[in-house]
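To start, the structure under review is shown below, and the notes come after it.
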Amino acid sequence: RTKFVAVRFGNVLGSSGSVLPIFRRQIESGGPVTVTHPDMERFFMTIPEAVTLVIAAAATGRHGELMALDMGEPIKVVDFAKDLIRLSGLEPGRDIEIKFTGIRPGEKLRESLTGPGESLEPSSHQGVFLVGSKLPPRSLVVEAIGRLDKLAAEGNGVPPEELRARLFDVLRELESAA
């Protein structure tokens with residue numbers, strides 16, 4: 001009877017994973033403020049905004065749906081750092097240095113709320129989107145996994161070329177159903 005809805009969103013200012021407390025500590029200690037790359041962009045929202053929209057997504061979403069919050073426009077992290085330095089009464093580059101540390105493995109320059117084959121569709125609540133996907137229906141995926149499991153069980157008696165061909169047949173079928 002429980003309804004499960006997933007919500008995707010960006011950075012929440014002041015949360016435990018936020019860059020805001022890190023930048024504040026770096027500024028208070030005299031710098032430098034560390035930013036990975038001058039072109040790094042992220043979405044930011046406040047805790048009250050995030051809480052309100054997560055509750056709205058939970059209230060409007062149906063079981064199994066993936067929702068995304070309207071995060072507005074992405075902001076360059078270096079601009080955020082400079083603004084925070086100025087709000088502290090200091091001047092970036094003069095009073096507090098900004099040091100670029102380099103992108104970490106797997107990190108992206110630009111954040112996106114959608115992945116390949118996904119789109120944002122309007123929901124019944126402004127500020128909350130339904131993430132549309134071009135993935136095949138769940139029932140087809142479960143059935144395909146069952147066939148692949150059967151193939152794996154037969155693996156010893158089936159030539160590798162035939163296993164490979166049957167695997168690609170299943171993958172093409174799933175792709176055409178998307």
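Residues take their numbers from the sequence shown, with the count starting at 1. When reading the values below, keep in mind they use all heavy atoms of this one structure, side chains included, and skip hydrogens, waters and symmetry mates.
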Which value, rounded to the nearest 0.5 Å, describes the distance between [X] atom [atom1] and [Y] atom [atom2]?
X	Y	atom1	atom2	value
Leu53	Thr60	CG	OG1	10.0 Å
Arg110	Met40	CZ	CE	9.5 Å
Leu167	Glu162	CG	CD	12.5 Å
Ile27	Ile85	CD1	CD1	5.0 Å
Ser29	Ile96	OG	CD1	7.5 Å
Lys82	Leu90	NZ	CG	15.0 Å

Quick one: list whatever passes salt bridge (Lys or Arg N to Asp or Glu O under 4.0 Å) with [X], sequence neighbours left out.
X	answer
Glu143	Arg147
Arg86	Asp83
Lys76	Asp39
Asp169	Arg172

Closest non-hydrogen atom pair, [X] against [Y]:
X	Y	answer
Pro38	Val78	O-CG1, 3.5 Å
Ile47	Ser15	CD1-N, 4.2 Å
Gly14	Leu20	N-CD2, 3.9 Å

Could you work out, with side-chain contact (heavy atoms from CB on, under 4.5 Å) as the rule, every residue matching [X], not counting sequence neighbours?
X	value
Val54	Val7, Phe9, Leu69
Ala81	Phe23, Val33, Val35, Ile98
Thr101	Thr34, Thr36
Ile22	Arg25, Gln26

Item checked: Verdict with reasoning, Glu65 to Lys3, per side chain to side chain contact (heavy atoms under 4.5 Å, CB included) -> CA-CA 10 Å; Glu65 286 184 326; Lys3 176 176 81 170; over 6 Å; no
Next item on the list: Among Ile, Leu, Val, Met, Phe, Trp and Tyr joined by side-chain contacts under 4.5 Å, find the other residues sharing a cluster with Phe129 and list them by chain and number.
Entry: Leu66, Leu120, Val131
Next item on the list: List the steps and the verdict of side chain to side chain contact (heavy atoms under 4.5 Å, CB included) for Ser18 and Asn11.
Entry: CA-CA 6 Å; Ser18 172; Asn11 299 280; 5.9 Å; no
Margin query: Check for me, please, whether Phe168 and Ile145 land in the same ILVMFWY cluster - side-chain distances under 4.5 Å, paths through other members count.
Written below: yes
Next item on the list: Could you list the residues that satisfy side chain to side chain donor-acceptor pair (under 3.5 Å) with Arg42, not counting sequence neighbours?
Entry: none
Margin query: For a 4.5 angstrom cut-off between non-hydrogen side-chain atoms, does Met71 reach Leu113?
Written below: yes
Next item on the list: Check whether any side-chain heavy atom of Asp70 sits under 4.5 Å from a side-chain heavy atom of Val128, and report yes or no.
Entry: no
Item checked: Pairs where residues 87-100 contributes a residue and the test side-chain hydrogen bond (donor to acceptor under 3.5 Å, both in side chains) is met, not counting sequence neighbours -> none
Checklist line | Pair Glu121, Ser123: side-chain N/O donor-acceptor within cut-off below 3.5 Å | finding: no
Notebook entry, point to check: Near Arg24 CZ, under 6.0 Å, is it more than 12 heavy atoms from other residues, nucleotides or ligands?
Noted result: no
Check: Which pairs, with at least one residue in residues 25-52 and sequence neighbours excluded, count as a ring pair (Phe, Tyr, Trp, His ring centres under 6.0 Å)?
Finding: Phe44-Phe80
